[in-house]
Amino acid sequence: MKLATWNVNSLSVRLPHLLDWLAAHPVDAIVLQETKLTDDKFPLAEIEAAGYRAQWFGQKTYNGVALLSREAATDVTRNIPGFTDEQARVIAGTVDGVRVIGGYFPNGQAPGSDKFAYKMGWLEALKAWVAREMATHPDLVLLGDFNIAPEDRDVHDPVAWAGQIHCTDEERAHFRALLGLGLHDAFRLFEQPPRSWSWWDYRNLAFRKNQGLRIDHVLVSDTLKPRVTACSVDKAPRRLERPSDHAPVVLTLDEPVAQSSSPSS
DNA sequence: ATGTCACCTGGTAGGTGA
């Protein structure tokens with residue numbers, strides 16, 4: 001089973017990239033962020049023609065998330081239950097027995113700002129809700145654009161970024177708190193190329209200079225961890241014309257081990 | 001190099017968010 005996350009930075013602009021990518025990488029499910037579409041504008045026909053079912057949750061101009069899957073998702077949830085939020089940031093569903101939670105975490109703008117305070121409250125609510133979800137869905141993946149670089153090795157220039165948004169101690173503490181629920185950063189379960197990022201600013205020739213951050217993540221629960229066989233960033237779409245500023249991150253899972261009915265002594 | 005992109009309102013640019 002393969003799962004992916006991709007911040008497409010406008011699904012209407014990036015739909016051709018997405019369809020091309022899915023044709024080459026027929027993942028079982030993908031969560032999208034920053035669709036930037038109201039629900040009536042969602043390109044369902046094109047996505048269904050590509051062989052995917054879809055759940056989506058958007059708004060005008062900003063944010064917006066979607067869950068595309070080969071098999072229909074069940075028990076679909078939009079945003080964090082019990083957390084009043086005008087912004088469309090979360091879509092969750094159960095796909096092939098795996099609880100998939102896709103999130104577009106708040107950017108936070110700058111430490112001390114109102115948007116930063118919103119980010120902190122959102123992260124707290126997310127953690128509490130994910131803990132509840134894990135209690136009922138042991139096989140769980142939390143993935144998306146976290147807008148947090150968890151460690152200095154996830155930052156091209158840790159000195160320049162020290163204390164800046166995505167890299168503050170408060171954000172990193174929230175990331176560790178999610179791990180503390182019993183989640184694992186799938187990317188770090190494997191040897192990775194040095195200086196691996198998932199986002200490169202459009203400015204400053206950042207992609208050409210490989211100046212980026214790893215802020216898109218795939219966290220897997222304890223029970224899924226033994227099934228993880230790969231996790232990687234696919235930089236190829238970032239090289240295309242008119243790319244998103246983010247690259248997809250892909251998780252590969254082995255099939256679950258069948259429960260044996262015979263005694264194993 | 002603050003060297004970009006996407007979207008909005010209301011324009012033939014400026015503002016916002018990332």
Side-chain angles (χ1 to χ4, degrees), chain A residues 5-21 31-43 46-47 56-66 79 85-91 102-123 126 143-150 154-168 170-172 174-175 197-217 233-249:
Chain A
T5 176
W6 195 3
N7 180 325
V8 292
N9 185 19
S10 170
L11 183 54
S12 57
V13 173
R14 232 65 68 188
L15 183 61
H17 297 63
L18 175 67
L19 297 176
D20 287 349
W21 191 84
V31 291
L32 307 176
Q33 302 89 39
E34 287 205 84
T35 56
K36 299 186 176 179
L37 291 173
T38 51
D39 288 345
D40 58 303
K41 303 268 186 19
F42 190 82
E46 292 88 341
I47 285 166
W56 60 94
F57 179 43
Q59 64 182 92
K60 188 171 161 183
T61 311
Y62 305 119
N63 310 314
V65 288
N79 267 359
D85 195 348
E86 295 180 355
Q87 304 184 24
R89 295 191 171 277
V90 174
I91 192 148
Y104 175 48
F105 292 36
N107 176 290
Q109 195 173 58
S113 67
D114 289 348
K115 291 188 175 72
F116 190 84
Y118 164 73
K119 183 175 193 172
M120 294 299 106
W122 190 95
L123 285 163
L126 178 77
L143 73 174
D145 176 358
F146 283 51
N147 273 312
I148 300 171
D154 302 309
V155 181
H156 73 91
D157 185 344
V159 173
W161 279 87
Q164 301 298 308
I165 195 64
H166 310 307
C167 303
T168 64
E170 297 99 310
E171 292 165 280
R172 288 175 169 180
H174 275 289
F175 187 87
W197 327 122
S198 66
W199 170 84
W200 300 258
D201 201 306
Y202 282 124
R203 297 166 288 192
N204 312 327
L205 304 174
F207 185 72
R208 271 181 47 182
K209 297 190 281 194
N210 195 31
Q211 296 177 345
L213 305 177
R214 191 177 72 94
I215 55 177
D216 300 85
H217 305 297
V233 177
D234 182 4
K235 287 175 71 169
R238 189 63 175 80
R239 298 189 186 96
L240 301 174
E241 288 204 22
R242 257 194 131 185
S244 169
D245 44 352
H246 295 252
V249 184

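In what follows, chains are A, B, ... by sequence order, proteins preceding strands, each numbered from 1.
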- Message: If you apply the rule side-chain contact (heavy atoms from CB on, under 4.5 Å), what do you find for A/F42 with A/L11, and how did you get there?
- Response: CA-CA 8 Å; A/F42 190 82; A/L11 183 54; 3.6 Å; yes
- Starting at CH2 of A/W200 and ending at C1' of B/dA18, how long is that distance when rounded to a whole Å? 16 Å
- Query: Is the phosphate of B/dT2, meaning OP1 or OP2, less than 4.0 Å from a side-chain N or O of A/N204?
  - Reply: yes
- Atom-to-atom span, CH2 of A/W199 to P of B/dA6 - whole angstrom: 15 Å
- Message: Any base atoms under 4.0 Å from A/R14, or only sugar-phosphate, or nothing? Heavy atoms, all strands.
- Response: sugar-phosphate
- Note on the structure: Here the distance between atom C1' of B/dA6 and atom NZ of A/K41, to the nearest Å, is 15 Å
- Given the C1' atoms of B/dT16 and B/dG10, what is the spacing between them in whole Å? 15 Å
- Does OP1 or OP2 of B/dT4 have a side-chain N or O of A/R242 closer than 4.0 Å? no
- Between A/S12 and A/D245, which has a closest nucleotide on DNA chain B that is more 5'? A/S12
- Query: Which pairs, with at least one residue in residues 107-116 of chain A and sequence neighbours excluded, count as a side-chain hydrogen bond (donor to acceptor under 3.5 Å, both in side chains)?
  - Reply: none
Between the protein and nucleotides 9-17 of chain B, which nitrogen or oxygen pairs come in under 3.5 angstrom?
residue, atom, partner, partner atom, Å
B/dT9, OP1, A/K60, NZ, 2.9

- Is a side-chain N or O of A/R89 found less than 3.5 angstrom from the main chain of A/N63, in a donor-acceptor match? no
- Atom CG of A/L11 to atom C1' of B/dC7: distance rounded to whole Å? 15 Å
- Between A/T61 and A/K209, just flag the one whose closest nucleotide in DNA chain B comes earlier from the 5' side. A/K209
- Task: Under 4.0 Å between any heavy atoms, over every strand shown, what does A/Y104 touch: base, sugar-phosphate, or nothing? Just pick one.
- Result: sugar-phosphate
- Measure from OH on A/Y202 to P on B/dT4 and round the result to the nearest Å. 12 Å
- So, the side chain of A/N79 versus the backbone of A/Q87: is there a donor-acceptor pair under 3.5 Å, distance only? yes
- Message: Rounded to whole Å, please give me the gap between CD1 in A/I215 and P in B/dA18.
- Response: 12 Å
- Message: In this structure, how many angstroms lie between the C1' atom of B/dA6 and the CG atom of A/N63, rounded?
- Response: 13 Å
- Expressed in angstrom and rounded to an integer, what is the separation of A/Q33 atom CD from B/dA6 atom P? 17 Å
- If only atom types and distance count, is the side chain of A/R172 paired as donor or acceptor with the main-chain N or O of A/I148 below 3.5 Å? no
- Within the distance-only criterion (no hydrogens, no angle test), does the side chain of A/E171 pair as donor or acceptor with the backbone N or O of A/H166 below 3.5 angstrom? yes
- Query: Does the side chain of A/S244 get closer than 4.0 angstrom to OP1 or OP2 of B/dA6 through an N or O atom?
  - Reply: no
- Message: Tell me if a side-chain donor or acceptor on A/T5 pairs with a main-chain N or O of A/V249 at a distance below 3.5 Å.
- Response: no
